[in-house]
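Report on the following structure.
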Amino acid sequence: MSIFSITGNDLLELGYPEGPVFKVLIEAVNQHYSAHSSAEVMGLLKRLLSDPAAFIEDVQLSEAAALLLSVKDNKTVSLLPEPVPYKIYGEEYIDPNAMKQINQAVKLPVAVAGALMPDAHPGYGLPIGGVLATNQAVIPYGVGVDIGCRMCLSILDLPVASLKASQETYVKSLNVHTKFGAGAEWRKREDHEVLARPEFKETQLLRQLFDKAAGQLGTSGSGNHFVEWGVVTITEAQPELNLAPGQYVALLSHSGSRGLGAQVAGHYTRLAKELCELPEGYKHLAYLDMNTAEGQEYWAAMTLAGDYASACHHVIHRKLINATGATLLARVENHHNFAWKELYEGQEVIVHRKGATPAAEGTQGIIPGSMTAPGFIVKGKGVAASLQSASHGAGRVLSRNVAKAQIKPDEMRKVLADHGVVLLGGGLDEAPAVYKDIRKVMSAQSELVEVIGEFTPKYVRMADGGPAED
DNA sequence: ATGTCC
């Protein structure tokens, strides 16, 4: 007969809420159950956690059961004893810390299903590249700080030869009509109907944020955001895009909802943490009940931030297309940090995509590679196991700090020159070498999306990189 | 991601 004992880690693994119940339960089990098998005790502990009321008169476990019931009354949320189903795509390319984060998210009591995309890397709460479906709950950090961060591609009627022949015009258009950097605002403000939205008058938060949003309309921010001219190659006729096979000049942008979305995310994450107390290590996953005023308020603010992000892209594209005198032939755009109401196995769920491209059957999207690697125009296949999602890019392999310490400016210049790419701004932390191989990432998700076109960057503008690390 | 704590 072996002597068996449990530890606090065992209880954490089982999803027990941290607190006095730990000490009481460890003592009770080690005193009264040490002669039982590990499997027997674990089974008992699972039953106790899922239904403490059934143990309230149990000789050995009544105290623990009472504590568990009072914890529930005190709104500390208990995790699921078993995770809901989730599928990982391209596991061999994914950081273990991102795996750990999706493993936590699928134990939330509101979780319905999850998925992890092949470009995944760690984030706050849900990993970047993480997808989570929940029941009647929205997780502000499941959407992310940059609410509505999205891609927008305009395919134009300009001759491809003009890219080289009129290099100066294209480069100048980026310098004149885009604005990058944290806090960047246009001195002469742009206009767009999104600024007339009633939501800007309906909460104190959005009233406060309106002026900054008006100033930042049509700016791009910093980090991995970009605006670039390049070449779209279509190999087969695409009726949905109304495009014949061939090559086209195109404009591609990547940016989000700027200060507006960041402040909305911060505000409602703080609120969610107050209303939804989760165990240690899970707190960034705090959620709002969709059937409360707070949940509905976040949803409205998130929707506005998403539409604002779209408006920013449209302002940028309008100005750059005007600068070249082009005509728009086709446009593809998609959010990749957002939450949607969708059906999963017949149930309405809230699908959070934090750095993941919507890929419902026939839905078009853009998955960028890097400055020197192609991006892909894709059409979703509607695979339920991925919650109808795909990656939102190649994903980083080097952190910003490591990149700034390791990559030499001359190496980066050479890679750009070898690919015929002109870069305005941009830092070592955005060098092509910091990204995974987009072709490997695409093959890891070939069952999720069909590629219908490629985009190759030529003239790229980004925010100036930060200072190099020592 | 954001002028890095409303």
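Keep in mind that this is a model prediction, so the values were computed, not measured.
Regarding Glu274(A), its CD atom lies at a distance of 14 Å from the C1' atom of dC5(B), rounded to whole Å. For the pair His267(A) NE2 and dT4(B) C1', the interatomic distance rounds to 19 Å; values are reported in whole Å. Residue Arg270(A) contributes atom CZ, which lies 10 Å from atom P of dC5(B) at whole-angstrom precision. In this structure, Tyr124(A) atom OH and dT4(B) atom C1' are separated by 10 Å, rounded to whole Å. Atom-to-atom, CZ of Arg207(A) to P of dC6(B) comes out at 18 Å; the value is rounded to the nearest Å. Atom pair Lys179(A):NZ and dG3(B):C1' shows a separation of 15 Å (rounding to whole Å applied). For the pair Lys212(A) NZ and dT2(B) C1', the computed distance is 8 Å after rounding to whole Å. Distance Glu185(A) CD to dT2(B) P: 13 Å, rounded to the nearest Å.
Checked by atom type, the side-chain pair Ser162(A)/Tyr170(A) shows a donor-acceptor distance below 3.5 Å. A side-chain donor-acceptor contact under 3.5 Å links Glu297(A) and Tyr268(A). In this model, a donor atom of one side chain and an acceptor atom of the other lie less than 3.5 Å apart for Thr233(A) and Gln247(A). In this structure, a donor-acceptor pair under 3.5 Å is present between the side chains of Ser173(A) and Trp229(A). Ser154(A) and His317(A) share a donor-acceptor pair across their side chains, judged by distance under 3.5 Å alone.
Taking every side-chain heavy atom of Ala182(A) into account, dG3(B) is the closest of dG3(B), dC6(B), dA1(B).
If you find the closest nucleotide of DNA chain B to Leu209(A) and to Ala262(A), the one lying nearer the 5' end belongs to Ala262(A).
When each of Lys440(A), Met117(A), His121(A) is paired with Tyr93(A), the side chain to side chain contact (heavy atoms under 4.5 Å, CB included) condition holds for Lys440(A) and for no other. Partner Met151(A) forms a side chain to side chain contact (heavy atoms under 4.5 Å, CB included) with one of His336(A), His313(A), His392(A), Glu333(A) and no other, that one being His336(A).
A sub-4.0 Å separation between OP1 or OP2 of dT2(B) and a side-chain N or O of Arg258(A) is present. The phosphate of dA1(B) has neither OP1 nor OP2 within less than 4.0 Å of any side-chain N or O from Arg396(A). For the pair Asn224(A) and dA1(B), the criterion of a side-chain N or O lying under 4.0 Å from OP1 or OP2 is met.
Within the 4.0 angstrom heavy-atom criterion, only backbone atoms of the sugar-phosphate kind lie near His225(A); the bases stay farther away. Among the protein residues, Lys354(A) comes within range of no part of the nucleic acid, since none of its heavy atoms lies under 4.0 Å from any strand. Within the nucleic acid shown, Gly256(A) has no heavy atom closer than 4.0 Å to any nucleic acid atom. Among the atoms of the strands shown, only primed sugar atoms or phosphate atoms (P, OP1, OP2) are found under 4.0 Å from some heavy atom of Ser222(A). Within the 4.0 angstrom heavy-atom criterion, only backbone atoms of the sugar-phosphate kind lie near Gln216(A); the bases stay farther away.
Annotation: cation-pi geometry satisfied between Arg396(A) and Tyr435(A) (NZ/CZ under 6.0 angstrom from ring centroid, within 45° of ring axis).
A heavy-atom distance below 4.0 Å to DNA chain B is reached by none of the residues of residues 293-307 of chain A.
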